[in-house]
Amino acid sequence: MKGILDKFKICDEHIRSGRLSHAKRELSAFELSRVPRKFRVELSQLFIRAGMPEHTLRLLNRTIHSKEETRIKATDEERIEYASGLIGLGLTGEAQSILESVNVEVLPKASLNMAFVHFTNWEYDKAIPHLLKYLNSNKLTDYQRVVGLRNLLLHTFPVGNLQMAEGGRQVLCSLNCRVRSSSLC
């Protein structure tokens with residue numbers, strides 16, 4: 001178990017450092033059928049962050065689309081990550097259907113992903129309420145809040161809401177000291 005977590009940490013460091021080719025090489029070495037279920041959500045998140053959404057779908061497909069007689073009930077976390085893979089491949093219809101069944105109060109990432117569905121479909125005005133719902137959650141880490149704020153900033157300009165963009169920029173700058181991941185200030 002420690003070995004797989006160590007590999008996840010190495011992949012995360014590669015991704016955060018912008019060494020995606022290293023991360024992809026490490027992630028591609030996983031034999032998906034042998035990954036224990038308790039690690040699949042975390043591995044799926046790494047696949048998404050490394051730009052490998054098809055691997056997320058391969059990893060979670062049997063859980064999401066299992067046959068009725070052998071039905072393994074997918075968790076909401078697994079469904080959110082599967083939806084992330086679908087969004088990464090532009091398959092927003094199925095992703096939206098999955099995300100609509102997830103309680104966003106319990107798992108705010110579903111709101112963020114719903115915003116990504118709308119961004120992918122060039123529906124910026126429909127995405128903003130999902131981002132605001134995500135950002136209003138008290139369950140976010142500083143890093144998750146930065147991700148939400150960056151997306152809010154990037155996507156409020158196309159709908160002409162400069163006041164919201166400026167407010168988001170100010171909040172992002174205040175978080176910058178704690179997260180050190182923003183160059184927008």
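What you are looking at is a predicted structure, and each value in this text was computed from that prediction instead of being measured.
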Does the side chain of Leu20 reach to within under 4.5 Å of the side chain of Ile15, using non-hydrogen atoms?
-> yes
Side chains of Leu132 and Leu152: closer than 4.5 Å at any heavy-atom pair?
-> yes
Ion pair present between Lys139 and Glu105, side-chain N to carboxylate O less than 4.0 angstrom?
-> no
Decide yes or no on ring pair (Phe, Tyr, Trp, His ring centres under 6.0 Å) for Phe30 and Phe8, but give the supporting numbers first.
-> CA-CA 11 Å; Phe30 281 99; Phe8 286 176; 5.7 Å; yes
Under a 4.5 Å cut-off applied to non-hydrogen side-chain atoms, are Leu43 and Leu27 in contact?
-> yes
Is there a donor-acceptor pair under 3.5 Å between the side chain of Thr56 and the backbone N or O of Ser44?
-> yes
Closest heavy-atom pair and its distance - Ala50, Lys24 | O-CE, 2.7 Å
Heavy-atom nearest pair, Ala115 first then Leu131, reads CB-CG, 3.9 Å
Should Asp76 and Val106 count as side-chain neighbours, where that means a heavy-atom distance under 4.5 Å?
-> no
Side-chain H-bond candidate by donor/acceptor type, Ser101 with Arg79, under 3.5 Å = yes
For a side-chain contact (heavy atoms from CB on, under 4.5 Å) with Leu107, tell me which candidate from Asn113, Val102, Leu99 qualifies.
-> Val102
Plane angle bin for His55 and Phe47 - parallel if under 30°, tilted between 30 and 60°, otherwise perpendicular | tilted
Is it true that atom CZ of Arg62 has more than 12 heavy atoms of other residues, nucleotides or ligands lying nearer than 6.0 Å?
-> no
Yes or no on side chain to side chain contact (heavy atoms under 4.5 Å, CB included) for Lys126 and Val117, after CA distance, side-chain angles and deciding distance?
-> CA-CA 10 Å; Lys126 291 181 181 179; Val117 164; over 6 Å; no
With the side chain counted from C-beta on, respond yes when Ser84 and Gln45 share a heavy-atom pair under 4.5 Å apart, and no when they do not.
-> no
Value rounded to 0.5 Å, distance of CG in Leu112 from OG in Ser137 | 11.0 Å
For Leu46 and Cys11, which heavy atoms make the closest approach, and how far apart are they?
-> CD1-CB, 4.2 Å
For Arg25, which residues count as a side-chain contact (heavy atoms from CB on, under 4.5 Å) partner, sequence neighbours excluded?
-> His22
Is there a donor-acceptor pair under 3.5 Å between the side chain of Asn61 and the backbone N or O of Leu57?
-> no
When the aromatic ring centroids of Phe119 and His130 are compared, is their separation below 6.0 Å?
-> no
Going through the checks in order, is the side chain to side chain contact (heavy atoms under 4.5 Å, CB included) test met by Arg49 and Arg16?
-> CA-CA 9 Å; Arg49 291 175 51 219; Arg16 285 180 185 254; 3.7 Å; yes
Minimum heavy-atom separation for Arg37 to Ala74, with atom names?
-> NH2-CA, 3.7 Å
Taking every non-hydrogen atom, the tightest pair across Ala83 and Ile98 = CB-CG2, 4.2 Å
Minimum heavy-atom distance Tyr134-Pro108, with the two atoms named = CD1-O, 3.1 Å
Side-chain ion pair, Glu81 and Arg40, N-O less than 4.0 Å | no
